[in-house]
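Okay, so here's the structure we're looking at.
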Amino acid sequence: VQLNAPFWGEHGLAYLIETTEGRLLFDTGQSGTVLLHNLQVLGIDPSTIDALALSHAHYDHTGGLPALLEHLRPGIPLYANADLFRERFSRRGDRTASIGLALTRAELAARLTLKLDTSPQQIFAGVWTTGQITARPEFQGGSDALLMRQGDGLAADTYQDDMALVLQDGDSLMLLCGCCHAGLLNTLAHVQQAFHAPVSRIAGGLHLASVSADDLHHCGHTLAGLPALQCLQPGHCTGEAAVRALAQVLGPERVGRAPAATVIELGS
Ligand SMILES: [Fe+2]
Ligand SMILES: [Fe+2]
């Protein structure tokens, strides 16, 4: 797939976050090839990346890590949830495929400084992880095909590893999601409780394609009720029909897209 040439796209997600304190890479895409190509187009040497954060274990967010590791400064921090290292699978018919992190905890710890915590972690001034989304009274962004290792067997994935980033945007916050398997409304409620500032922007993968029509309707009206929400830039696994449905409720002027090479500027 080629989008916004000379940038490349793929089914995967990676956001480079630039702050006055340093560069953070949030997720690494699927292949590594696309990530390294796009960094090169931007003129960014991967050795200038100061920190990594991973939204969750799935291959379309962590698959670029093996290729990227060769180029990173040794010892930079990696922010994630410890459940990242649990094996993940997808099942279609009688075929089960491994879709989790391709590196072991020991392999990563040998190259990076692991910062694994269920609480929100500050990465730079104005940049935090959400920490674990513990309360999930609303719908999750899941699929019956997604499984995890539990003991000797496989069970439905509970996505305990799923986290997002929170970025300061002036007096308000931006929520940047990987896949948002924990559920968009659960994640938003968690952010509002943990960060004490309104959310003005939401971007990234919102995983709404498999959500029921009722839940999607409820989601749209909950978003419409957020007084500070200015802009939604969903991408990745959000689902086209869901994006159109949200645009109908929120107004098309508030709902954009975020293909490869999208730049989002935030207030300080
Ligand atoms: Fe995912
Ligand atoms: Fe994803």
Side-chain angles (χ1 to χ4, degrees), residues 1 3 8-17 25-35 38 52-68 78-92 96-103 129-133 136 138-150 154-165 175-188 190 202-211 215 219 232-243 246 257-260 262:
V1 184
L3 300 162
W8 292 350
E10 65 181 348
H11 175 71
L13 181 132
Y15 276 93
L16 184 73
I17 293 135
L25 185 69
F26 180 50
D27 289 351
T28 64
Q30 179 181 152
S31 63
T33 315
V34 170
L35 175 67
N38 287 351
L52 293 178
L54 293 174
S55 64
H56 66 302
H58 284 154
Y59 73 103
D60 48 329
H61 301 257
T62 63
L65 201 48
L68 182 68
L78 166 64
Y79 295 85
N81 184 291
D83 210 44
L84 186 76
F85 299 105
R86 187 194 292 267
E87 286 179 278
R88 316 272 161 175
F89 302 88
S90 78
R91 182 179 287 158
R92 306 231 187 259
T96 302
S98 178
I99 60 164
L101 185 64
L103 297 159
T129 70
T130 56
Q132 188 163 316
I133 316 301
R136 301 186 185 185
E138 302 277 2
F139 64 85
Q140 297 200 93
S143 157
D144 292 344
L146 297 175
L147 306 173
M148 64 177 190
R149 168 79 62 197
Q150 192 167 59
L154 302 184
D157 201 332
T158 57
Y159 316 111
Q160 294 307 306
D161 56 335
D162 185 73
M163 65 172 205
L165 289 187
L175 174 65
L176 184 59
C177 298
C179 268
C180 214
H181 290 301
L184 180 56
L185 297 186
N186 297 325
T187 303
L188 273 172
H190 171 88
I202 300 169
L206 304 183
H207 212 98
L208 295 170
S210 54
V211 165
D215 282 338
C219 181
L232 199 69
Q233 281 178 285
H236 185 48
C237 57
T238 305
E240 268 306 305
V243 174
L246 291 177
R257 304 291 162 126
T262 299

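Just follow the structure's listing: the first ligand is 1, and inside any ligand the first atom is 1.
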N/O/S atom of His56 inside 2.8 Å of the Fe ion (ligand 1), strictly under: yes
Trace of the side chain to side chain contact (heavy atoms under 4.5 Å, CB included) decision for Asp161 with Gln132: CA-CA 7 Å; Asp161 56 335; Gln132 188 163 316; over 6 Å; no
For the Fe ion (ligand 2), the closest N/O/S atom belonging to Asp60: OD2
Three-point angle His236:NE2, the Fe ion (ligand 2), Cys179:SG, rounded to the nearest 10°: 120°
Under-4.0 Å salt bridge between Asp157 and Arg149: no
Close side-chain approach of His11 to Gln30, heavy-atom, < 4.5 Å: yes
Parallel, tilted or perpendicular: ring planes of His181 versus His58, cut at 30 and 60 degrees: perpendicular
N, O or S of His61 under 2.8 Å from the Fe ion (ligand 1): no
Validation row: Thr262, Gln233 side chains within 4.5 angstrom (heavy atoms): yes
His58 backbone or side-chain N/O/S under 2.8 Å from the Fe ion (ligand 1): yes
